[in-house]
Amino acid sequence: MLRQEVTQLSVSTKGRAFYEITREVTAFVSKTGIRQGLATLHIQHTSASLVIQENADPEVRRDFERFFKRLVPDGDSLFEHAAEGDDDMPAHIRTALTAVNLSIPVVHGELSLGTWQGIYVWEHRVHPHTRRVVVHVLGE
Amino acid sequence: MLRQEVTQLSVSTKGRAFYEITREVTAFVSKTGIRQGLATLHIQHTSASLVIQENADPEVRRDFERFFKRLVPDGDSLFEHAAEGDDDMPAHIRTALTAVNLSIPVVHGELSLGTWQGIYVWEHRVHPHTRRVVVHVLGE
Amino acid sequence: MLRQEVTQLSVSTKGRAFYEITREVTAFVSKTGIRQGLATLHIQHTSASLVIQENADPEVRRDFERFFKRLVPDGDSLFEHAAEGDDDMPAHIRTALTAVNLSIPVVHGELSLGTWQGIYVWEHRVHPHTRRVVVHVLGE
């Protein structure tokens with residue numbers, strides 16, 4: 001019989017960087033006892049993303065930061081919306097260019113992530129924030 | 001007992017801009033009577049997106065338009081596919097850079113959106129279009 | 001009564017290009033016998049994407065390649081992570097800029113794709129790879 005469980009994760013960030021949450025999501029899936037199903041994550045913010053990326057090499061995340069800093073420069077004179085800081089509008093754009101939700105099948109009681117895939121909250125603001133991620137697991 | 005409901009929204013756009021559909025999606029979720037579950041939205045087009053973004057400040061959406069216009073210029077000589085207009089290939093690329101579907105958990109009978117999150121159809125073509133969004137709600 | 005089925009597709013790529021999988025996904029949905037529900041796709045890699053794009057005109061896909069090659073240049077001196085090849089870090093970034101999962105409602109026994117929408121694995125690496133896509137279908 002199909003059933004569902006929901007939880008909310010709270011992630012304290014220390015400013016612009018990747019924060020891995022694979023372990024927390026995996027632990028919740030495991031706790032539900034659901035062996036086959038679907039896990040959905042939704043981040044309740046417009047200036048931080050959810051991304052699945054390589055969990056092996058920290059260089060990769062540093063290169064992501066460098067690339068996005070060049071692609072969407074802080075304090076770009078193009079932006080009208082600057083009252084909340086030079087990094088605010090870039091944070092919104094970085095969020096739209098990546099994702100705010102993820103859907104991952106659960107197979108044999110585990111998230112069907114690839115070998116190198118980790119789940120991250122990507123904080124796009126320069127200052128620390130508390131980010132909420134709703135996790136919904138459906139299955140049996 | 002888990003159950004599901006599906007509907008289709010039709011959104012008339014007046015050209016390139018954001019069109020908020022939070023109210024329509026919320027109304028459908030409410031009508032299903034589902035208190036906990038998962039809402040999935042899918043836009044049936046390749047030149048308009050679904051995005052979750054800040055609903056408080058119209059400046060943010062104007063800055064989005066300016067940024068994407070610079071990032072993916074209309075009429076760029078790079079593009080071979082131009083028969084359907086200068087804005088056609090940029091519209092496809094803008095769609096791929098953002099999203100065509102969204103998955104949002106339903107908690108206590110409501111979409112678990114953050115305080116500042118609104119759901120938008122982002123029309124990327126210059127001329128008006130009718131955009132169809134399929135909404136699927138699953139839960140109990 | 002709601003039920004679910006899961007399968008895994010294996011896609012052999014010949015390097016950087018789009019590989020359509022609409023037919024394979026449609027065939028699996030059809031085989032499940034599910035008439036209404038939700039199909040979720042997840043690609044288990046960090047250097048290849050899942051995208052829904054125009055299936056009518058091959059020019060569109062060629063323009064996508066040209067645009068992304070300019071946006072995220074191979075061998076960019078910005079990148080520290082280059083040990084796995086000039087195209088490796090760009091492949092990660094192209095993946096983050098697009099999507100690794102898709103959620104598409106099933107209506108009347110079919111994926112609710114728009115007229116021009118096709119589902120593609122977008123290989124971002126220059127050399128051939130075998131890409132795994134998990135497909136989960138839920139419904140009745």
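Values reported hereafter were calculated over all heavy atoms of this structure, with side chains retained and with hydrogens, waters and symmetry mates removed. This one's a predicted model, so the numbers in the text were calculated from it and none came from an experiment.
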**Item:** chain B contact via Asp88(A) - side chain, backbone, both or neither, heavy atoms under 4.5 Å
**Value:** neither

**Request:** For side-chain contact (heavy atoms from CB on, under 4.5 Å), just list the numbers for Thr46(A) and Asn55(B), CA-CA rounded to whole Å, side-chain angles, deciding distance to a tenth of an Å, and then say yes or no.
**Result:** CA-CA 10 Å; Thr46(A) 60; Asn55(B) 57 6; over 6 Å; no

**Message:** Please rank Ser103(B), Ala96(B), Gly114(B) by heavy-atom pairs under 4.5 Å with chain A and give me the top one.
**Reply:** Ser103(B)

**Spacing of CD1 belonging to Ile93(A) relative to CD belonging to Gln53(B), to within rounding of 0.5 Å** = 8.5 Å

**Fill in**
Only one of Leu102(B), Leu38(B), Ile52(B) passes side chain to side chain contact (heavy atoms under 4.5 Å, CB included) with His42(A), and that residue is Ile52(B)

**Request:** Check each atom of Val72(A) against the heavy atoms of chain B and say whether the ones under 4.5 Å are side chain, backbone, both or neither.
**Result:** both

**Fill in**
One option among Thr115(B), Val51(B), Val60(B) has the most heavy-atom pairs under 4.5 Å with chain A, and it is Val60(B)

**Asked** What's the spacing between Gln36(B) CD and Arg3(A) CZ if we round to 0.5 Å?
**Response** 12.0 Å

**Prompt:** Do you know which two heavy atoms are closest between Met89(A) and Phe64(B), and how far apart they sit?
**Reply:** CE-CD1, 3.6 Å

**Request:** To the nearest 0.5 angstrom, please state how far the CD1 atom of Ile104(B) sits from the CG atom of Leu41(A).
**Result:** 13.5 Å

**Request:** Could you tell me which of Pro105(B), Gly118(B), Ser112(B) has the largest number of non-hydrogen atom pairs under 4.5 Å with chain A?
**Result:** Ser112(B)

**Fill in**
Ranking Arg132(A), Gln8(A), Gln4(A), His136(A) by heavy-atom pairs under 4.5 Å to chain B gives rank one to Gln4(A)

**Prompt:** For Val6(A), is it the side chain, the backbone, both or neither that has a heavy atom under 4.5 Å from a heavy atom of chain B?
**Reply:** both

**Under-4.0 Å salt bridge between Arg70(B) and Asp76(A)** = yes

**Prompt:** Which region of Arg66(B), side chain (C-beta onward) or backbone (N, CA, C, O), has a non-hydrogen atom less than 4.5 Å from a non-hydrogen atom of chain A, or is it both or neither?
**Reply:** both

**Whether Glu80(A) side chain and Arg62(B) backbone form a donor-acceptor pair below 3.5 Å** = no

**Message:** Can you give me the closest heavy-atom contact between His45(A) and Gln117(B), atom names plus distance?
**Reply:** O-NE2, 3.0 Å

**Request:** With rounding to the nearest 0.5 Å, note down the distance linking CH2 in Trp116(B) to CD in Gln44(A).
**Result:** 14.0 Å

**Prompt:** Highest number of heavy-atom pairs under 4.5 Å with chain A: which of Asp57(B), Leu2(B), Val106(B), Asp63(B)?
**Reply:** Asp63(B)

**Asked** Checking heavy atoms, do the side chain of Pro90(A), its backbone, both or neither come under 4.5 Å from chain B?
**Response** neither

